[in-house]
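What follows is a single structure, written as structure tokens, with notes after it.
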Protein chains: 2
Amino acid sequence: MEVQEIIQAMSNKGMRITEQRKTLARLFVDHEGYLTPKEVYEAMVQTYAGMSFDTVYRNLRVLQEMDIVEQFMFEDGIKFRLRCHTDEHHHHFICLECERTIPFHYCPMDHVQQYPEGFKPVKHKFDIYGYCETCQSGQSRQAAAR
Amino acid sequence: MEVQEIIQAMSNKGMRITEQRKTLARLFVDHEGYLTPKEVYEAMVQTYAGMSFDTVYRNLRVLQEMDIVEQFMFEDGIKFRLRCHTDEHHHHFICLECERTIPFHYCPMDHVQQYPEGFKPVKHKFDIYGYCETCQSGQSRQAAAR
DNA sequence: TTCCCTGCAAACATTTTGCAGCACT
DNA sequence: AGTGCTGCAAAATGTTTGCAGGGAA
């Protein structure tokens, strides 16, 4: 997804296109993994000294309501990332280091034969965590990124 | 797991057995699903009027460090429940209404053939959410439980 | 010009910490 | 009696809300 598309979508909904929102869009487009509200703030405040946390939260919520970003609960809190472009059902490999996510289409639900008596499945969660190639090889790439 | 076992385990570690801790143990033993710290507090304060939130948090952490309860991140926050007794690898059906969890032993990892180039899997998450028999049939059981 | 967006301040919710007194062992 | 547990108070975090001014359309 391109910055332009995001901006266009916001504009189409009658929202104002501010410098902050452009920067926020770029931030997500450029970042493959998840971002915490705090990380977003810290990235933005470098460009906009006066940046406030509430604007970050407000805009994250806006982007989420527009289905541009999605929220995910990690063990250490809420994080956001660009929603997957595809509508196809899929799951993710998630790098524990850089949090980059890589989609795959195998779904285990096809193989679950037995449900508890009377259990009615509604949704499921299947994610595989590990280390991506970059974070394994580039020993200190992670350190550098921090 | 029985209240007695939990108490015994705490006692063995040299911890004091207080009335609150007995009640807390009973609470988890009697409750099949997950509990938020707030729910724990609200249940406990009925018995101990002076009960404070910090005691709840402290004891939850103690029980967690002893591997008696486990923590789980839901979309609406952290919740706790008794750790599964079995050591066998397994996953869970989780009721969206009462949050009761039912273990099953099928594991999709055996069927994932391809990993992204260089990806090194470490752990995974597979949970199936839905409605258990009780919460489907007893139409208002849920409402009553609230 | 209009009205949305922003920063500020403050409120709110959740979780943690220091301390003194009380209770378990 | 000794020490760990508890409640209280306060602080640290994370998130939300009301308001007035500034900026996008």
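- Side-chain rings of B:F80 and B:F28 stay apart, their centers remaining 6.0 Å or farther from each other.
- Taking atom OH on B:Y57 and atom C1' on D:dT13, their separation rounds to 12 Å, with Å as the unit.
- For A:T18 and C:dT6, the shortest distance from a side-chain N or O to OP1 or OP2 is below 4.0 Å.
- When the P atom of D:dC5 is taken as reference, atom CG of B:L60 falls 15 Å away, rounded to whole Å.
- In this structure, the ring of B:H111 has its center less than 6.0 angstrom from the ring center of B:Y106.
- When each of A:G50 and B:S11 is assigned the nucleotide of DNA chain C with its nearest heavy atom, A:G50 is the one assigned upstream, toward the 5' end.
- Distance, B:I17 CD1 to D:dT3 C1': 15 Å, rounded to whole Å.
- Residue-to-nucleotide contacts include no donor-acceptor pair under 3.5 Å from the side chain of B:R58 to the base of D:dG4.
- Remark: A:R21 is not in phosphate contact with C:dC4, judged by side-chain N or O atoms under 4.0 Å from OP1 or OP2.
- Taking atom CE of B:M66 as the reference point, atom P of D:dC5 lies 11 Å away to the nearest angstrom.
- The phosphate of C:dG7 has OP1 or OP2 within less than 4.0 Å of a side-chain N or O from A:S52.
- Atom C1' of nucleotide C:dA23 and atom CD of B:Q20 are separated by 10 Å, given to the nearest angstrom.
- Two residues, B:M15 and B:D54, neighbour DNA chain D, and the one matched to the more 5' nucleotide by heavy-atom proximity is B:M15.
- When atom types are taken as modelled, the side chain of B:Q71 and the backbone of B:Q64 share no donor-acceptor pair closer than 3.5 angstrom.
- Atom CZ of B:R16 and atom C1' of C:dG21 are 14 Å apart (whole Å).
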